[in-house]
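These numbers come from the heavy atoms of this one structure, side chains and all, not from hydrogens, waters or symmetry mates.
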Amino acid sequence: MPEKITGGCLCGAVRYEASEAPKIVVNCHCLDCRKTSGTCHGTHVGLAKGSFTVSGEVRFYDSTADSGNIASRGFCPTCGSPVYSKNSAMGDMVAVRASSLDDPEIAKPQLAVYASRAVSWDPVDPACKAFPGMPERPA
């Protein structure tokens, strides 16, 4: 694991780094992640909010998740790249898009959520523990 995790958007206007290892890496097959990723799932790298810093302008699009929580998806307003998201139920974490990492090899998915919504030609990774929806977050 690298000493710090770095990444950013396509044009370089947004950059981030985290000083701690990922807490979790999740493939999400929900409709929102499919639409915002441009493919049939999103891969999210969960980082401690306190270890995460970002530079550059990030715009957020807020939507209500199936759970009723607010998902805030951050993107670069210049190139449109999705960079990271926040969720009102997980105020202590941010989730960077694996596609925005400088070294995407560090993002090895452990879980698949909304597996029941996976499309046939993008099946759930059998190496991941799969949940049909969003599991409860342990307290």
- Item | Check: Thr43 main-chain N/O paired with Arg97 side-chain donor or acceptor under 3.5 Å |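 No, because the side chain of Arg97 does not come within donor-acceptor range (under 3.5 Å) of the backbone of Thr43.
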- Item | Over all atoms of both residues, closest heavy-atom pair of Arg73 and Ser63 |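 Smallest heavy-atom distance, with atoms named: NH1-OG, 2.9 Å.
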- Message: I'd like to know if Arg34 and Asp122 make a salt bridge, using a cut-off of under 4.0 Å between side-chain N and carboxylate O.
- Response: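 Salt bridge: no.
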Output the distance between atom [atom1] ([X]) and atom [atom2] ([Y]), rounded to the nearest 0.5 Å.
X: Cys128; Y: Lys108; atom1: SG; atom2: NZ; value: 12.0 Å
X: Cys30; Y: Lys35; atom1: SG; atom2: NZ; value: 11.5 Å
X: Thr53; Y: Glu17; atom1: OG1; atom2: CD; value: 4.5 Å
X: Glu57; Y: Cys9; atom1: CD; atom2: SG; value: 11.0 Å
X: Met134; Y: Asn87; atom1: CE; atom2: CG; value: 7.0 Å
X: Ile24; Y: His44; atom1: CD1; atom2: NE2; value: 12.0 Å

- Message: Is there a path of hydrophobic side-chain contacts, each under 4.5 Å between heavy atoms of I/L/V/M/F/W/Y residues, joining Met90 to Ile70?
- Response: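 No; tracing contacts between hydrophobic side chains, which count when under 4.5 Å, never links both residues.
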Exercise answer: donor-acceptor pairs, residues 110-119 side-chain atoms, under 3.5 Å, sequence neighbours excluded:
unit_1: Gln110; atom_1: OE1; unit_2: Val25; atom_2: N; d: 2.8
unit_1: Ser116; atom_1: OG; unit_2: Pro132; atom_2: O; d: 2.7
unit_1: Arg117; atom_1: NH1; unit_2: Asp66; atom_2: OD2; d: 2.8
unit_1: Arg117; atom_1: NH2; unit_2: Asp66; atom_2: OD2; d: 2.8

- Query: Are any non-hydrogen side-chain atoms of Val94 and Tyr16 less than 4.5 angstrom apart?
  - Reply: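 No, their side chains stay 4.5 Å or more apart.
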- Pairwise side-chain contact, Thr6 with Arg15, heavy-atom cut-off 4.5 Å (strictly under):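 When only atoms from C-beta onward are counted, Arg15 and Thr6 do touch, with a gap below 4.5 Å.
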- More than 12 heavy atoms of other groups within 6.0 Å of Phe60 CZ: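 It does: Phe60 CZ has more than 12 such atoms within range.
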Please tabulate, one pair per line, all N/O donor-acceptor pairs under 3.5 Å involving side-chain atoms of residues 74-86, not counting sequence neighbours.
unit_1: Ser81; atom_1: OG; unit_2: Leu10; atom_2: N; d: 3.2

